[in-house]
Structures are given as structure tokens and as C-alpha cells.
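Following: one structure in C-alpha cells, then a few remarks.
Letters A, B, ... are given to chains in the order of the sequence lines, protein chains preceding strands, and every chain is numbered from 1.
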Amino acid sequence: MSVLPVNDTSLWKPTRLLNRRVELAVKLIFGLFALVSVATTIGIIATLIFETFEFFREVSMVSFLTDSKWTPLFSSAQFGIFVLVSATVMLSGIAISVALPLGLLSAICLSEYASPKLRSILKPLLEVLAGIPSVVFGYFALLLVTPFLQSITPGLEGFNALSAGVVLGVSITPLVASLSEDAISAVPQSLRDGAYALGATKRETIISVVLPAALSGIVSSVILAVSRAIGETMIVTLAAGQHPRLGLNPFVPVMAMTAFIVQASLGDTPAGSLAYKTIYAVGMSLFVLTLILNIFSFWFVRRFREKYE
Amino acid sequence: MDEQMEAVLRAEQVSVSYSGSTAVKNVYLNIPRNRVVAFIGPSGCGKSTILRCFNRMNDLVAGAKMDGRITFNDVDIYDSSVDPVDLRRQVVMVFQKPNPFPKSIYENIAFGARINGYQGDMDELVERSLQQAAIWDEVKDKLKDSGLALSGGQQQRLCIARAIAIQPEVILMDEPCSALDPISTLRVEELIKKLIENYTIVIVTHNMQQASRVSDYTAFFNAKATETGGKMGYLVEYDRTENIFHNPQQQATQEYVSGRFG
Amino acid sequence: MANLASDPSRSPLGGGSKGRFKSELSKRYRIDSLFSAAAWTAVTLLVLVLALLIGDVLVDGAARLSWDFLTSFPSRKAEEAGLLSALVGTIWVMVIVAVVSFPLGVGAGIYLEEFAEDSWFARAIEININNLAGVPSIIYGLLGLQVFVRWMEPITGGRSILSGALTLALLILPVVIVATRESLRAVPDSLRQAGFALGATRWQVVCNQVLPLALPGILTGTILALSRAIGETAPLITIGALTFISFLPEDLQSPFTVLPIQVFNWISRPQEAFHTNSAAGIIVLLGVLLLMNSSAVLLRNYLQKRH
């Protein structure tokens, strides 16, 4: 039997130097790619801060926070941001009061009641619902839900927060459902067994043991959904209207923060004009609002997450 | 066995299969009142499976199927008129890994009592259960703390306290000490000996010393390979614990208790 | 199942009201069935909403679909208006988004998962990516407006296809990175160890052993991210995509429109005939999405079978 010629160096031509260079180049280039995401964040924050700063050189912070009207494009301009915030808050409130019960109950149904086979049909259907573009939901809200609600609600106007909020709620329900389901499925079976072994019924097990154990995940899914609702644009632009109005009346047209940005963008807003800066001031407010929610969610999860082995 | 002893639980010709493959076959067994019965045997011998039949926890496992008959106080627990929820309230279970609910210590105890409609004073019940489980002194100042903040051994005693709070007749314990350190194990064993005045206990254990220390009767299960490559368990011998350990009738029991396999 | 607790004395276990316990099982079961009914209702409702949504759009718009509709430019007359410029615009934008976001996202994912040491830098990027996922898409539009439309106007040509595509690429970049990292993480570490043990460099191991296995997941994740980008309207409106375009783009610096913006424009007109157009446009949009999602699934199945 012949022995392999291990020391016959003529057979091997290692390219160690080249390899090391390729390795370094790859690491450098891909590291730069990773930095693009950091640059995006910095870009967003820098742009918003810069233009918002410019905005506040022309409009006082006090009137931005205390004016009761939002008329930035009129000659007698007023900049009460809370006019837009009130609409956004009302729309998100309606949305989450639809999405929370619907999404949470669906999550419970999928993880605790549906058979694996049924679940494998239902989950993709929810994903389809989640993947439907928001402009389609806007169509649905304006041309199907609003006429329907008008037929049962006297005095409901053609643009209103109610139908926009309800459809917005439907659009974020799959998010609540799928993230809550993840949290519920992650609750160890041993906890359920513990409850059953004490003579708890299925509902008692779910409500008293499973849901509390999944609480941090459920809350973070709801917060994420609220922040999605706040940033959602097309449904509220199409169905809630373009009428800045302070207050929480869901039956009349209102203007959400995102709807203003769309309205202003569709018009002529040359760079450097006050209208242009106003878009960024509203964008900044929107960004801060969602950032607060994200930070709260992050804090909540860290504070209340239960650790299981 | 003492035939005159009153049997709380009685298994007759019990076989269990999961998704068609038999896990344990043809078990006959009586659990006498106010005694400790230990189930021992190598892994895969079906001792936990049988245990989980006694309060129908196996109902919760998809594909599990039981044949034969199990009676609790002479009532067939698999009869259509028997509700597993009702049964589990009287035949409770403590699990291998401590599984306190992610709630306060107090709420862990109160939960079972509350859902089962306890009419008495809850504070008193919580205190008494924790005392019976020999953990009161360690937790009496932090009843509002999470049950998960306790050590493993404390968690397991909390789970036992949680079980006795609903005043069951039988406590099933599925390897309750396998996740615990030796000192915690000792405390749980002492607890078992104390509880026997009021309860009937069935304990599955891998630890033969534990079986000989705490139990009055011992059932030895063994497993044999099936044609399909799986394992099928069966009951080899069931007798007073001292007989199983010092005077077993079967060769396999002799070999197992003397540590030759398993 | 028989109820035992309505009359505890009849319970075969005799446990209905032992001592100071009042189990009241029948009452508890009534609440149980109400609860499970609520859970099933919620799921059924969601499925019905989906069916209603698709059904409504089909009923409203199917009759309007025709070859002419797909090959006509928009028009002031609803009956003559078509989708051509929007359809072509969507295809242009998507190709560029894919070309930009795929290498960037996969490269960044590989760096973070395979090359980066566990340093504050890597953790900062990770937190940053998670945060980016929570930023509303319209904010990306504001970024694109400032950076691509204003500052980089000499390159992008202002309110152009390129500006729109780059904005959307940044929007989906976090999704591609996360999908890449998850697919890489699913490849067993033993495979990498085996490669290293034979004297391969990290890049050789990643390139030859890890990537081929992770590719199905990466591709699926990227296509799903792209299909999200297709439906995005708000950021493109912000950077100034036009709603009325009666010519086809010639290069990357051309003005453009895309399907959802055309649909948005038609919905926001008062005339009913335009609403019909928007329904037909939605059918096309959903058709494109369906095509992409099913190709993602097929691709994954195909690649998984090959390995």
C-alpha cells in the first residue's frame, strides 16, 4: 500500500496571502454595508432636527404647542400641532380598540383552540391580510365601510374618523395576532399542565396562567401595533379626510399628522419654504411619538419578561 | 400485598398508546389510601405515562389513547359522565420541573382554590398550605414576591403547597426531585412522609434510594424493545417496598434494584 | 361531557362541593364555551373581512380589467384611463430596489452574523436595526426627500425613479438584514467548524458552505420585503412621485408613478367611474403581490429540495 506523499510540497500551492486580503476586503465592504443602516438612522434624525430647527426659527414653539388651529398654508397661518395629534390619537385609539380584542382572541384561538391542521390554513390567511397594501384598505374604508356605517349611523359624514379608525384597526390586527401568538406559544406547556392539574378549565388556564405569562410579549405587540397605526398614512388620508379639527368627534372629517404630510407633499412645496419645513416639523412630532412608544415597549419587555428554562 | 387495604385508585388492564404506538401495556395496580406508592424503572418504561392516566393529564396530549379501566373511589374515571376537570381537582399533580405560575407566591396558592370556588378565608388557607408544605417560614415575609424568584427547591415546595391548597385526595408526583439539589430533595422527602397522614401519594422516581426511603409500596416497571424500534413498558412487580428491595420475586427487579442495569 | 356540578350529589366522584369548596363546574363551563366562541368568532371575522375585501374589489373592478386598461396611459376620461405608466414604473422601481437592497442587506447580514465580534459596535447596529423597523414609512419619505431629491439631485435627477427606489431600498433594508441573519443562524455551527478545521478562511466557509444553505431563506425574505415595498404609497408621495404620467420612463432620472399611487389618485377622485378604475388597479396590484409571494414560496421549495 502506498503512503500519501504528505511532504511533497510541490503538489500544494496555498494562496494564503491572497486569502487574507480577500478576507479583509470582504470584512471591510460588508462592514460598510452594515453601516448603511446606522447612516439611515443618523440621516433621519439629522434631517428631521435640521428642518425642524429651521421651522422653529419662523414659528414659535409656544404657538406650535398651544394654537388651537392648524392652518399652515393660509395667509393667517396657525400651527397648533395638537389639532393633528388629536386626530391621530383618536384614529389610533379606535384602531387599537378594534385590533386588541380581535387580534388577541385570534391569537388565543390559533394557539390554544385550533387544530394544527386548521392553524396551518389560518395563519397564511392572516399573513395575506397583513400583506395587503394600505391603499387597498383605504379603498375599503372609503367606498365600503363608510357607506355601510352611514346607513346605520345618522349624521356620519363622508369622511370620518370612525370608519378610517375601524379599518385601520383591521389592518393592524394581523400584527397583534401574530406577535401575540408567538408570545402565547412561547409559554411553556408545563405551566398549562400545572393549572390543569389543579382542576382548572381551559379558559381558566388561558386567562389566569397563559396570558399573564405572555403579558410582556402581548403588550409589546400592542404597542408596536399602535405605533404602526400612528404612522399609517393611506387609510387615514383617504377615509378620515383633510380637515384639521381639534377634538375627538369620530363622526366628522379630521386630519391626521400623516395626512397633512401627504396633502402638503401633493402640493407645491419648494425647499426652504415654510410649508416644506412644516412637513418636517410634523414628521419630527410623528417620529418622537413613535420613538416614545418603542422605548416604552422596550422598557416594558425588559422589566416584565418572565424567564423560563 | 395487604388485600384488605382500601384502594383509592385502581388500574385494570391499562394500556396507553401515543399516535398508535404502544407506550405501556397491560398494567394492573392498586393504590392504597394514605400510603406512598413509588413507581421505579428505566426511562421509557411508561411509569410517568401511567401516572398521567390517574388524573387524565394524558387527555391533553394529542394522539394519546388509553385502554382498560381506572377507578377512583370505585368510579371509572374514563366514564363519559366523569369530567377530567372535576377529577384533577381531587387527584392533583406535581411535576418534574417546578412550574410556579408567573404570579406572586400568594396568588400561586390562591389560584387553584379560587377557581374551585373556595368559600373559606383565603389568607388562612394560603398560610396553612404553605405551612403544610414546610415552606411558610421561608416565604411568609414575601408573599407578594413572584413565585419565580424562589430557589428550585422552594419552587417545588410551593408547587406542592399549591396542590394541597385545594385539598385533594391523591397527589401524583412525577419525579418531583429530579431537578433539585440533595438538600432540597431531602426536604421534599420529609414533606412527603408528613403529608401521608392526610393524602395518598404516588411518586415516580429515578432514584431508588428515594423510593426505598419514602414509599410503602413500590412498582417496578421495565421496558422492552418493539419490532418498530420503539420501547414498550410493562409492570414487572408490585409489592411492599421492603420486599421489592430485599426480596424481589423477579429476576429483572433483582437486577434493577441492585444497580445492574437502568 | 356530563355536567357534574349542577347537582353535586350526583357527581360520580362526589367532589362537587367537598368541604368548603363550591366548584360550580356547570357555570364555569358556560363561561368557557362563551370564551371559546369569542375566540373562534374573532378568527372567523378576520377571514370574512379578507374575503369581503377581495370579493368587493373583484366585484367592483373585474369588469374594467382589459388589455386596453393595462396598456393605456392615464386619462382625464375614466373610461380611457389605463395603468401602463404605473405598471412600468412599479417594475422599474422594483428592479432597482432589488438590485440595491439585496447586496447591501445580505452583505450587512453576513457581516453582523459571521464577521462582527460581539462588540458594542455590533450591538449598537443591532439595536439600530430593530429601531428602524419601528419608524413609520412616511418618515423614510421625508429622508428621501431631503437626501435623494434635494442633496443628490445632480445624480438622481430630483423627483425621479432613482430617488424613489433608493428610498424604498432603505425602507426594506432592515427586513432583508434580519431575514439574512435568521437564515444564517439556522445553519448548524458544526458545518462552519468543519470548514475551519480544513484550513478554510471565514469568507471561504461562508461563501462555500453556509450561504448555499441559507440562500432559500434569504431569497424568500427578500422577495417578501420587496412585496412590501410594492404596496408602499406614502414615502413615494412624499418624495414627489407624480400621479399623472402619460409617458414611459426613459432612464433612472425620469419622473415616475407606481401602481399604488395611481390607485390612490383614482380613489381620491369623486367620480364613480374612477373608483371602478381604482378597483381594477387594486386587482392588478394584488395580482402582482400574489405572483411575487407564490414565486417566493416556490423558489424556497425548489432550493430546499436541491439541498
Pick one of side chain, backbone, both or neither for [X], based on which atoms fall under 4.5 Å of a heavy atom in chain C.
X	value
A:I29	neither
A:L238	side chain
A:T290	side chain
A:L142	side chain
A:I295	neither
A:I207	side chain
A:L129	both
A:S37	both
A:L293	neither
A:L122	side chain
A:E112	neither
A:A46	neither
A:L289	neither
A:A200	backbone

What's the spacing between [X] [atom1] and [Y] [atom2] if we round to 0.5 Å?
X	Y	atom1	atom2	value
A:T173	A:L168	OG1	CG	9.5 Å
A:I172	A:I235	CD1	CD1	9.0 Å
C:T238	C:L143	OG1	CG	11.0 Å
C:R28	C:I31	CZ	CD1	9.0 Å

Is chain A contacted by the side chain of [X], its backbone, both, or neither, given a heavy-atom distance below 4.5 Å?
X	value
C:L286	side chain
C:L285	side chain
C:L132	side chain
C:L289	side chain
C:A122	neither
C:L45	side chain
C:L46	both
C:P174	neither
C:I129	side chain
C:L104	both

Applying side chain to side chain donor-acceptor pair (under 3.5 Å) to C:T201 and A:E23, what does each step give before you reach the verdict? CA-CA 7 Å; C:T201 64; A:E23 186 86 358; 3.2 Å; yes
Going by atom types only, do [X] and [Y] share a side-chain donor-acceptor pair under 3.5 Å?
X	Y	value
A:E232	A:S134	yes
C:D56	A:Y139	no
C:S137	C:E232	yes
A:Y276	C:Q146	yes
A:E181	A:S178	no
A:S297	A:S220	no

Would you please test A:I206 and A:Y113 for side-chain contact (heavy atoms from CB on, under 4.5 Å) and show each step? CA-CA 11 Å; A:I206 293 169; A:Y113 287 100; 3.8 Å; yes
Looking only at heavy atoms and a cut-off of under 4.5 Å, which of [options] has the most pairs with chain A?
options	result
C:S36, C:G240, C:S268, C:A116	C:S36
C:A200, C:G105, C:S33, C:A279	C:A279
C:H275, C:Q204, C:R150	C:R150

Evaluate the ring planes of A:F140 and A:F137, with Trp represented by its six-membered ring, and classify them as parallel (under 30°), tilted (30 to 60°) or perpendicular (over 60°).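 Because their plane-to-plane angle is over 60°, the rings of A:F140 and A:F137 count as perpendicular.
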So which of [options] has the biggest tally of heavy-atom pairs under 4.5 Å with chain C?
options	answer
A:P174, A:P133, A:C109	A:C109
A:F298, A:F50, A:Y280, A:F287	A:Y280
A:L143, A:N294, A:I230	A:L143
A:T233, A:I132, A:V170	A:T233
A:T41, A:L224, A:L125, A:T258	A:T41

Pairing of C:E153 and C:R159 as salt bridge, 4.0 angstrom limit: no
Any salt bridge linking A:E51 with A:K277? Criterion: basic side-chain nitrogen under 4.0 Å from a carboxylate oxygen.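 Answer for the salt bridge query: no.
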Does A:R203 qualify as a cation-pi partner of C:F35, given the criterion of NZ or CZ under 6.0 Å from the six-membered ring centre and within 45 degrees of its axis? no
So, is the end of the A:K202 side chain (NZ or CZ) under 6.0 Å from the ring centre of C:Y29 and within 45° of the ring's axis? no
Go through the steps to decide whether A:L144 and C:L52 satisfy the test side-chain contact (heavy atoms from CB on, under 4.5 Å), and finish with yes or no. CA-CA 10 Å; A:L144 192 74; C:L52 183 68; 3.9 Å; yes
